[in-house]
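The structure appears right after this line, and notes come after that.
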Number of protein chains: 4
Amino acid sequence: MSGSQERPLRADAARNRARLLDVATEVFTTRGVDVPTEEIARAAGVGVGTLFRHFPTKEALLAAVMVRRLEAIAAGTAELAAGADPAEAFFDCFRLVVDRSAGKNEFTQALAAAGVDVHASLQESTAAIRDRLAGLLAGAQRAGAVRADLGLPELLALLVGTGTTMEQLRDDPAARERIYEVVFDGLRPR
Amino acid sequence: MSGSQERPLRADAARNRARLLDVATEVFTTRGVDVPTEEIARAAGVGVGTLFRHFPTKEALLAAVMVRRLEAIAAGTAELAAGADPAEAFFDCFRLVVDRSAGKNEFTQALAAAGVDVHASLQESTAAIRDRLAGLLAGAQRAGAVRADLGLPELLALLVGTGTTMEQLRDDPAARERIYEVVFDGLRPR
Amino acid sequence: MSGSQERPLRADAARNRARLLDVATEVFTTRGVDVPTEEIARAAGVGVGTLFRHFPTKEALLAAVMVRRLEAIAAGTAELAAGADPAEAFFDCFRLVVDRSAGKNEFTQALAAAGVDVHASLQESTAAIRDRLAGLLAGAQRAGAVRADLGLPELLALLVGTGTTMEQLRDDPAARERIYEVVFDGLRPR
Amino acid sequence: MSGSQERPLRADAARNRARLLDVATEVFTTRGVDVPTEEIARAAGVGVGTLFRHFPTKEALLAAVMVRRLEAIAAGTAELAAGADPAEAFFDCFRLVVDRSAGKNEFTQALAAAGVDVHASLQESTAAIRDRLAGLLAGAQRAGAVRADLGLPELLALLVGTGTTMEQLRDDPAARERIYEVVFDGLRPR
DNA sequence: CATGAATGAGTATTCATTCAT
DNA sequence: GATGAATGAATACTCATTCAT
């Protein structure tokens, strides 16, 4: 399934790659994508050359960060989707996607752009998530837990938007919980 | 109304300023804030020098654009707030804020940052809107049209987030309408 | 004939442009094209930004340098070609082209590459020179001053090669003169 | 013959060294000296480390390539010089040098720089060729086959220049032949 | 010995801002 | 006031060379 040939990667190289991804995730998430590559490299304790050896362009680094997050989300939803109750599965996944997407927006939005102009490397992961969400939505609607007139595009948009909402309430968990109540209530059939 | 001392401004200067604001609004909204100043100036039919005479930094230009939008929003909410029914006033204002905030997100979000790290020049306008929204929220809650446990921060966050949601559905008015139904439903007490 | 619209250019801007061209000509000619743009800018007494305002890429600067040289050569050959004796005109032009093409080779060769992969901006100038040389060659052959079996490609190649030869003898004018004798003798019919 | 102390070199090491030289020759000749070392190493099927073990700097690799070519040329001229007729020997050697020097110019020119600023490692080979050419020239002049007023520097310069001329006519053997006629005719006394 | 990962100085180019015209 | 030329710090990316595995 995975197209690219990868040799095992030496221990130190793997460590550097991982650190770069970690640092980049942190940095892109909290400060946006305009952070200089040099700073990312420095924060990861490597030279710029190393960064560019692992990720040939800044965009590739960004894509790699995204892929990792998306895959984590995909894995999470897969697990939740296995649960018995469709309604519960749906709402739990909604939370999971929103919670795991936290961060600077420009960055998060790639999720919804799915299938359009997204970098090829993201296609696979976003498609997987989209499919899963489509399934969950249908299930929840069949179970009567979600308004029947809602399509996948609206759901995706709502996920992104709710992410933004939550971002504003970073420091107030109680308020975030109230937002979930509002949104989930709104999603249920009247 | 405006706090600072301004001399009248010659007719052509005023015209240039206005064109710059119009162009900048259009450009920042549709293409984000990374557009070069030079391009904005050219689109406005003036030299960069003129742009910088009117707005000492790019950030100042951005702030001015924001202020104008915020004032328009403030004016709109003022009008709506005058209407009789608190519930209707509240929901109409919610729509108005979201609709008028449309555009590249990074840009829009300044709204919710209200009172925190926003550029000083925005304080006044955002404060006005915040106060108005606080009033409307209280009114709607008193009227039993909105859940009582919702605070102003949640409302502001929701406004921003809904703006983002809508941005994803730019081209699908029906879907946008469904989103409003979801959010408004969610806002009502169970 | 000249396609591009150019406004007069302010006095200082024109001066800077000229200085940049002069410096670049000198530098590219003596040290090759790998000299950093910053160094050229510094030598011309301007900032890098100015260099890039006048010439959007380093390649464009190189092209501009070439064009100027080629146009000077074209003008020179035009004058010489007007002279009465075809044989004299031909040999004088040969000298002129070689002498004026002096410098790092990679650079000079553009002449012969004419019509192939040369930067568009050079096409016009090289074409002009080529045409002129074709005419001179034909004339000299008609006058019996040059072997009849020689085509334009050989002439062009010989011009470039002779330039290289001369470059090796930069500091020995007498030797250079002897080279001209050799080449010119060789060009005459046996 | 080789001045420096070298231990025998293991079989595989020798093979690697040879492949590197072959690849580098090909690559420098056809694409110039700006090709990255990494690419040369890859083309030779070894890691960069290996390249740098055999040749401490890129320049050293370039020098080694040159030396090998120069030694081949020297060997060739030695053979030809042994022939009876001095005139024939001279002209045959001229051809041989030019033909064997083919390739990107910047690279070839090192030949003529002989004795001046050339890398120390080339001194020996260039000196050998120079001496041989000096001998051939003197012989041909004594035999009345070449103008008496021509010195070794002119000959060397002419060799390089003719190489450049030929490079322009890479694909036209007939034209190349005509160039040889021109140059050889020019070299003969009037 | 061979490998290829790591390094970091170096390079072209952009862009907010200043200032001479 | 308006203009747009000049400025130079900043930034992504490359590549010869070193060194841990």
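Naming convention: chains lettered A, B, ... in sequence-line order (proteins, then strands); numbering from 1 in each chain.
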Using purine N1 to pyrimidine N3 plus N6-O4 or O6-N4 for Watson-Crick, or N1-O2 and O6-N3 for G-U wobble, each under 3.5 Å, what pairs with E:dT21? F:dA2
Checking E:dA2, E:dA5, F:dA6 against the side chain of C:Ala13 (C-beta onward), the nearest is F:dA6
How close or far is atom P of F:dG4 from atom NE2 of C:His54, stated in whole angstroms? 14 Å
Could you state the atom-to-atom distance from CG of B:Leu20 to P of E:dA16 in whole Å? 14 Å
Using whole Å, report how far CD of C:Glu39 lies from P of E:dA9. 19 Å
CZ-OG1 distance between D:Phe55 and D:Thr37, expressed to the nearest 0.5 angstrom: 12.5 Å
In this structure, CE of A:Met66 is separated from CG of A:Leu61 (nearest 0.5 Å) by 12.0 Å
Given that C:Leu51 and B:Arg53 both sit by DNA chain F, which one's nearest nucleotide is further toward the 5' end? B:Arg53
Find the distance D:Leu62:CG to F:dA16:P and express it as a whole number of Å. 12 Å
Is it the case that more than 12 heavy atoms not belonging to C:Glu38 sit under 6.0 Å from its CD atom? no
Under 3.5 Å on both distances, the Watson-Crick or G-U partner of F:dT11: E:dA12
Of all the nucleotides listed (F:dA16, F:dG4, E:dT7), which has the minimum atom distance to the side chain of D:Pro36? F:dA16
Roughly how many Å is it from CZ in C:Arg42 to P in E:dT11, rounded to a whole number? 10 Å
Thinking salt bridges, do D:Arg19 and D:Asp12 make one under a 4.0 Å N-O criterion? no
Check the distance between F:dT11's P and B:Asp34's CG and give it to me in whole angstrom. 12 Å
Residues C:Arg68 and C:Asp22 bridged, charged N to O under 4.0 Å: yes
Nearest whole Å is fine: how far is E:dC1 C1' from D:Arg17 CZ? 16 Å
Below the 4.0 Å mark, does E:dT3 have OP1 or OP2 next to a side-chain nitrogen or oxygen of D:Thr50? yes
Quick check on DNA chain E: between D:Gly47 and A:Gly45, whose nearest nucleotide comes earlier from the 5' end? D:Gly47
Produce the list of close N/O pairs, under 3.5 Å, pairing protein atoms with atoms of nucleotides 17-21 of chain F; give distances to one decimal.
| unit_1 | atom_1 | unit_2 | atom_2 | d |
| --- | --- | --- | --- | --- |
| F:dT17 | OP2 | D:Lys58 | N | 2.9 |

Output the distance between atom OG1 (B:Thr126) and atom CD (B:Glu71), rounded to the nearest 0.5 Å. 11.0 Å
In whole Å, what is the span from the CD1 atom of D:Ile40 to the P atom of E:dT3? 16 Å
Phosphate-side-chain proximity, D:Asn16 and E:dA2, N/O vs OP1/OP2 below 4.0 Å: yes
Looking at every non-hydrogen atom in both residues, tell me the closest pair between A:Val35 and A:Arg31 and how far apart they are. CG2-CB, 3.8 Å
